[in-house]
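When a residue number appears, it is its place in the shown sequence, counting from 1. A quick note: this is a predicted structure, and the numbers were derived from the prediction, not measured.
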Amino acid sequence: MNKKTELLGNAPIPKALLAMGIPTMIGMLINALYNLVDAYFVGGLGESQMGAISVVFPLGQLIVGLGLLFGNGSGSYISRLLGRGDKETANKAASTALYSGLAVGAVFILFSVIFLKPILSLLGASESILPFALRYSRIYVISCILNVFNVSVSSIITSEGAAKISMLALLLGAVLNCVLNPLFIYVFDLGISGAAIATAISQAASAVVYLFYIFGKKSNFTFKLNDCKFSIEIFSEIFKIGIPVFVFQMLTSVSITLTNNAINPYGDPAIAGMGAVTRLVSMGSLSVFGFIKGFQPIAGFSFGAKKFDRLRNSIKISVLWSTIFCVIVGTLFIIFPSQIISKFTKDDLQMIEIGAKALRANGISFMLFGFHTVYSSLFLALGKGREGFILGACRQGICFIPLILILPIIMKIDGILYAQPIADILAVIVTAFMAVPLHKRLIEMEKSMTS
């Protein structure tokens, strides 16, 4: 094994999790900064502009989901293949996933551009928000093909232990985004279009880092077009894990859309306030996803190599560390909600009041987020797509959708603000019931090896 796979298979678990999880966590945290930076600088233009990027956000998340479908789907498979020592099939799976993701992403983006106006209306754009949403999304949606490439490659190379490259790529993009946003929005006076241009250039910079890694032949994979193998076996393994990941991402978009539509009657400040909360919670959740993304290849490799002690130890430490992080972030949301939300507006008191109330409620439920995420990701890492699908769909689909449809009727605007926190708590309960049988199964598999 080379140094990267040695890390996955033999390094002490705390060292392996830090080496894999921290870079991916920082990378995902940096990625979340894209949304926060856009919101921070666009917020200075007005509530309608802030509402516009909130409306476009779920469409971008859906497109990114296509990259996650092929990237995360192949990543789980690749980690298990490397654990078994099958590097040839892993290389074919990596190339097949990358080019398939780009092709599907390009088709979806073309469809979105053609039907952009009705899509934005469906996503909750009011008459005052729609012109700004169109101006922003015409640039942003096209640039999302770069995001599909970045997300796909990031997941694939993380599966071979190259987490630091993903962190560097995202760091470069985030720094550029922080610099270019105020430059294009205010100095060049491009307004909301400037935010989209800044994001597109930043994504391109991240893509260049990945291309240098690929063409520098530092990867275990060649990513050559002729290495693609469009076989039933490879696609079934990719889709078994990738589809649950994509459905989760799609449900995230659906949940934001339903929230936007539910809060639309309360005006642009309410939409902007919930948009700010969505980005803040997304920043915290993406940080956890980033850390767990580093945990997944360790879990998949250990399972493929039948190292069950290593697998159990990685689960225990991941739950502990992610929970500590979630408690810290949740506490900040609970104690300082008004101060945090006020950073996204020019002293709109209604937006601050609504946003602070929602952020405080989300802070309470976020403390349990790490436990849920470890196990929903673990099932996928082990190739258990059905269980992973159920847990992935639970938080923002199975539990959330009925709540966002029913609670506003009963509780008015409070029903909208509390729907996600209640859904989070229900998802944790379901996770606990599914975790127990999994551990029993792992113990049985280990006993059958020694008997």
>> Taking the side chain as everything from C-beta on, heavy atoms only, tell me whether Phe246 gets closer than 4.5 Å to Asn72.
In response: no
>> With rounding to the nearest 0.5 angstrom, report the CG to CZ distance, Leu69 to Phe239.
In response: 6.0 Å
>> Looking at Val374, is its backbone amide N or carbonyl O close enough to the side chain of Ser377 to form a donor-acceptor pair, meaning the two atoms are under 3.5 Å apart?
In response: no
> In this structure, are over 12 heavy atoms from other groups packed under 6.0 Å from Phe336 atom CZ?
Replying inline: no
> Do side-chain atoms of Ser236 reach the backbone of Glu233 as a donor and acceptor pair under 3.5 angstrom?
Replying inline: yes
> Hey, are the side chains of Ile201 and Asn177 touching, using non-hydrogen atoms and a 4.5 Å cut-off?
Replying inline: no
>> On a heavy-atom basis, which atom in Ser95 and which in Cys228 lie closest, and how many Å separate them?
In response: O-SG, 3.5 Å
> Are any side-chain N or O atoms of Ser202 and backbone N or O atoms of Gly173, one a donor and one an acceptor, separated by less than 3.5 Å?
Replying inline: yes
> Can you find a heavy atom in the side chain of Leu403 that is under 4.5 Å from one in the side chain of Leu426?
Replying inline: yes
>> If I compare all heavy atoms of Leu130 with all of Ala125, which pair ends up nearest, and what's the gap?
In response: CD1-CB, 4.0 Å
> Between Leu172 and Val209, what is the shortest heavy-atom contact and its length?
Replying inline: CD2-CG2, 3.7 Å
>> Minimum heavy-atom separation for Leu382 and Ala299, please, with both atom names.
In response: CD2-O, 4.1 Å
> For Arg135, does its backbone N or O pair with a side-chain atom of Tyr140 as donor and acceptor, under 3.5 Å?
Replying inline: no
Got a list of side-chain donor-acceptor pairs under 3.5 Å for residues 390-401, not counting sequence neighbours?
| residue | atom | partner | partner atom | Å |
| --- | --- | --- | --- | --- |
| Arg395 | NE | Asp424 | OD1 | 2.7 |
| Gln396 | OE1 | Thr252 | OG1 | 2.7 |
| Gln396 | NE2 | Ser255 | OG | 3.4 |
| Gln396 | NE2 | Gln420 | OE1 | 3.4 |

> Distance-only, no hydrogens or angles: does the Tyr210 side chain make a donor-acceptor pair with backbone N or O of Val151 under 3.5 Å?
Replying inline: no
> Taking all atoms of both residues into account, what is the closest heavy-atom pair of Ile425 and Ser365, and its distance?
Replying inline: CG1-CB, 4.3 Å
>> If the condition is side-chain hydrogen bond (donor to acceptor under 3.5 Å, both in side chains), which residues does Lys164 pass it with, not counting sequence neighbours?
In response: none
> Can you tell if the side chain of Ser143 reaches within under 4.5 Å of the side chain of Gln203, non-hydrogen atoms only?
Replying inline: no
>> Ser74: which residues meet the side-chain hydrogen bond (donor to acceptor under 3.5 Å, both in side chains) condition with it, sequence neighbours left out?
In response: none
> For the residue pair Met411 and Gly415, what are the closest heavy atoms and their distance?
Replying inline: CB-N, 3.5 Å
> Has the side chain of Asn91 got a donor or acceptor atom that lies under 3.5 Å from a matching backbone atom of Thr222?
Replying inline: yes
> Could you walk me through whether Tyr375 and Phe371 pass the ring-ring contact (aromatic ring centres under 6.0 Å, His included) check?
Replying inline: CA-CA 7 Å; Tyr375 279 97; Phe371 173 77; 5.3 Å; yes
> Does a side-chain heavy-atom distance below 4.5 Å link Tyr418 with Lys357?
Replying inline: yes
> Does Lys240 have any salt bridge (Lys or Arg N to Asp or Glu O under 4.0 Å) partners at least two apart in sequence or in another chain, and if so, which?
Replying inline: Glu237
> Between Phe369 and Phe366, does a ring-ring contact (aromatic ring centres under 6.0 Å, His included) hold up when you go through it step by step?
Replying inline: CA-CA 5 Å; Phe369 183 74; Phe366 188 75; 5.4 Å; yes
> Who passes ring-ring contact (aromatic ring centres under 6.0 Å, His included) against Phe184, sequence neighbours left out?
Replying inline: Phe188
Which pairs would a plain distance check flag for residues 100-122, meaning a side-chain donor or acceptor within less than 3.5 Å of a matching protein atom at least two apart in sequence or in another chain?
| residue | atom | partner | partner atom | Å |
| --- | --- | --- | --- | --- |
| Ser100 | OG | Thr96 | O | 2.7 |
| Ser112 | OG | Phe108 | O | 2.9 |
| Ser121 | OG | Lys117 | O | 3.2 |

>> Could you tell me if the side chain of Pro182 sits less than 4.5 Å from the side chain of Val187, heavy atoms only?
In response: no
> With a 3.5 Å cut-off and no angle check, do the side chains of Asn150 and Ser206 form a donor-acceptor pair?
Replying inline: no
>> Can a donor-acceptor pair be found, under 3.5 Å and without considering hydrogens, that links the side chain of Ser231 to the backbone of Ile234?
In response: yes
